[in-house]
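Okay, structure first, notes after.
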Amino acid sequence: MHKRTFHLRDIILLALIAIIFGVIYYAAAFVYNGLTVLLTPVGYGPIANDLTMGIWCMAGPLAGFLLRIPGSSFLGEFLGAAVEMFLGDQWGASNLISGAVQGIGTELGFTLTLYKVYNWLTVILTSVTTTIVTFAWDWFRNGYSHFAPNMLLIMLVARFLSMLIFSGILVKLIVNLLTRAHVIRS
C-alpha cells in the first residue's frame with residue numbers, strides 16, 4: 001500500500017530535491033548557451049534546447065520515484081524551477097511556467113501507472129509523456145511550428161533521447177543507488 005499524503009519527512013526531501021536541482025538547472029543554462037553557440041553556425045542552434053531538456057526535467061521523476069505520492073513529481077519539478085529562477089537565471093519568472101509544464105508532463109507518466117509501478121516501464125512512460133508535453137509547449141512558446149518537418153523530427157528525437165538519458169535512466173540509476181545504500185526504502 002502506498003501512502004497518499006505528505007509528511008514532514010516528504011516535504012524536507014522535496015525541498016532538498018528542489019534546491020539541488022535548482023542549482024543543477026541554473027548550471028545547465030551554461031551548457032545550453034554553449035551548445036547554442038556551437039550549433040548555430042551550422043543551422044542547428046535551436047536543437048540545444050532539446051538536447052538539454054532532459055537535464056531540466058530531472059527533479060520531477062526523482063521526486064516521483066522517491067516519494068511515490070501523487071503530485072510529488074509536479075511539485076519537485078515546479079519547485080526546482082522556482083529555485084533556478086531565484087538564483088537569477090536568464091529566463092526569469094517564465095521558469096515557473098516551464099516548471100509547471102515539465103511537472104505536468106512527468107506527473108502524467110506516473111498517472112498512467114496509477115502510482116503503483118516504479119520500474120523501467122515508468123521510466124519510459126515519464127520520458128515519453130514529458131517529451132510530448134514539453135515539445136507541445138515549445139511548439140507554441142518557441143515557435144517550433146515554423147521549422148521544417150525534418151528539423152522538427154530531429155528536435156523531437158533529440159528531446160526524447162535527452163529525456164530518456166537524463167530524466168529517465170540517470171534518475172532511475174540514482175534511485176537504485178539510494179535504495180541499495182538504504183538511504184530510501186523501496
Side-chain angles (χ1 to χ4, degrees), residues 14 17-18 20-36 39 44-65 70-85 87 89-113 115 120-172 174:
L14 197 55
I17 290 169
I20 291 166
F21 280 95
V23 172
I24 290 170
Y25 295 169
Y26 180 81
F30 295 103
V31 175
Y32 162 81
N33 290 334
L35 279 172
T36 302
L39 295 172
Y44 290 102
I47 293 176
N49 184 48
D50 301 287
L51 291 172
T52 55
M53 186 59 70
I55 299 169
W56 278 306
C57 294
M58 290 176 70
L62 186 63
F65 272 103
S72 61
S73 183
F74 174 83
L75 286 172
E77 196 60 49
F78 181 77
L79 294 173
V83 169
E84 178 188 7
M85 178 192 72
L87 289 173
D89 80 314
Q90 63 195 23
W91 293 283
S94 70
N95 264 1
L96 298 178
I97 298 169
S98 294
V101 169
Q102 294 161 0
I104 289 167
T106 304
E107 197 72 38
L108 281 174
F110 290 103
T111 303
L112 291 173
T113 67
Y115 300 92
W120 290 102
L121 170 65
T122 312
V123 167
I124 300 296
L125 288 174
T126 58
S127 297
V128 168
T129 58
T130 310
T131 297
I132 292 168
V133 170
T134 61
F135 199 82
W137 172 244
D138 278 330
W139 185 273
F140 296 103
R141 187 187 92 197
N142 290 330
Y144 276 24
S145 60
H146 297 292
F147 290 114
N150 63 333
M151 181 70 152
L152 284 170
L153 182 60
I154 293 168
M155 294 167 87
L156 183 62
V157 169
R159 181 172 299 221
F160 174 71
L161 291 174
S162 178
M163 288 294 180
L164 184 63
I165 292 166
F166 291 107
S167 61
I169 294 169
L170 186 57
V171 163
K172 183 66 169 118
I174 291 168

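Quick caveat: nothing in here was measured; it's all calculated off a predicted structure.
- Between G76 and A59, the shortest heavy-atom distance links the atoms O-CB, 3.5 Å.
- When the options Y144, Y32, W56 are evaluated for a side chain to side chain donor-acceptor pair (under 3.5 Å) with N49, the one that passes is Y144.
- Under the 4.5 Å side-chain criterion, counting only non-hydrogen atoms from C-beta, L108 is not in contact with I132.
- Nearest approach of A63 to I17, heavy atoms of both residues: CA-CD1, 3.8 Å.
- Looking at heavy atoms from C-beta onward, F135 lies out of side-chain contact with M53 at the 4.5 angstrom threshold.
- For Y25 against M58, the heavy-atom pair with the smallest separation is OH-N, 3.4 Å.
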Original post:
Please walk me through it: do T111 and T129 pass side chain to side chain contact (heavy atoms under 4.5 Å, CB included)?
Top reply: CA-CA 10 Å; T111 303; T129 58; over 6 Å; no
Original post:
Step by step, would you call F78 with L96 a side chain to side chain contact (heavy atoms under 4.5 Å, CB included)?
Top reply: CA-CA 6 Å; F78 181 77; L96 298 178; 4.0 Å; yes
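- Partner R159 forms a side chain to side chain donor-acceptor pair (under 3.5 Å) with one of T130, T131, D138 and no other, that one being D138.
- Residues W91 and E84 have side chains in contact (heavy-atom distance under 4.5 Å, counting atoms from C-beta outward).
- Contact annotation: the side chain of L153 approaches that of V157 to within less than 4.5 Å [non-hydrogen atoms, C-beta and beyond].
- Note that CG of D50 is 8.0 Å distant from OG of S162, once rounded to the nearest 0.5 Å.
- A donor-acceptor pair shorter than 3.5 Å can be found between the side chains of R141 and S98.
- Within the 3.5 Å criterion, the main-chain N or O of G99 finds no donor-acceptor partner in the side chain of E77.
- Pairing each heavy atom of F21 with each of L62, the nearest pair is CE1-CD2, 3.4 Å.
- In terms of modelled atom types and a separation under 3.5 Å, the side chain of T126 and the main chain of G109 share no donor-acceptor contact.
- Taking every heavy atom of both residues into account, V83 and V23 meet most closely at CG1-N, 4.4 Å.
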**OP:** Decide side chain to side chain contact (heavy atoms under 4.5 Å, CB included) for T52 and F166; before the verdict, give the C-alpha distance in whole Å, the side-chain angles of both, and the deciding distance to 0.1 Å.
**Re:** CA-CA 9 Å; T52 55; F166 291 107; over 6 Å; no
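- Side chain of T106 to main chain of G103: no donor-acceptor pair is present (N/O by atom type, distance under 3.5 Å, no hydrogens or angles).
- Annotation: the span from I154 atom CD1 to I47 atom CD1 amounts to 5.5 Å, rounded to 0.5 Å.
- Between the E107 side chain and the F74 main chain, a donor and an acceptor come within less than 3.5 Å of each other.
- The environment of OH in Y44 is sparse: at most 12 heavy-atom neighbours from other residues, nucleotides or ligands sit within 6.0 Å.
- When the side-chain contact (heavy atoms from CB on, under 4.5 Å) test is applied to S127, the partners found at least two apart in sequence or on another chain are V123, F160, M163, L164.
- Counting heavy atoms from C-beta on, the side chains of W120 and I169 come closer than 4.5 Å.
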Original post:
What's the verdict on side chain to side chain contact (heavy atoms under 4.5 Å, CB included) for L152 and W139, showing C-alpha distance, side-chain angles and the deciding distance?
Top reply: CA-CA 10 Å; L152 284 170; W139 185 273; 3.5 Å; yes
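- To the nearest 0.5 Å, the span separating CE on M155 from CG on N150 amounts to 11.0 Å.
- Nearest heavy-atom pair, G60 versus S73, reported as atom, atom and distance to 0.1 Å: O-OG, 3.0 Å.
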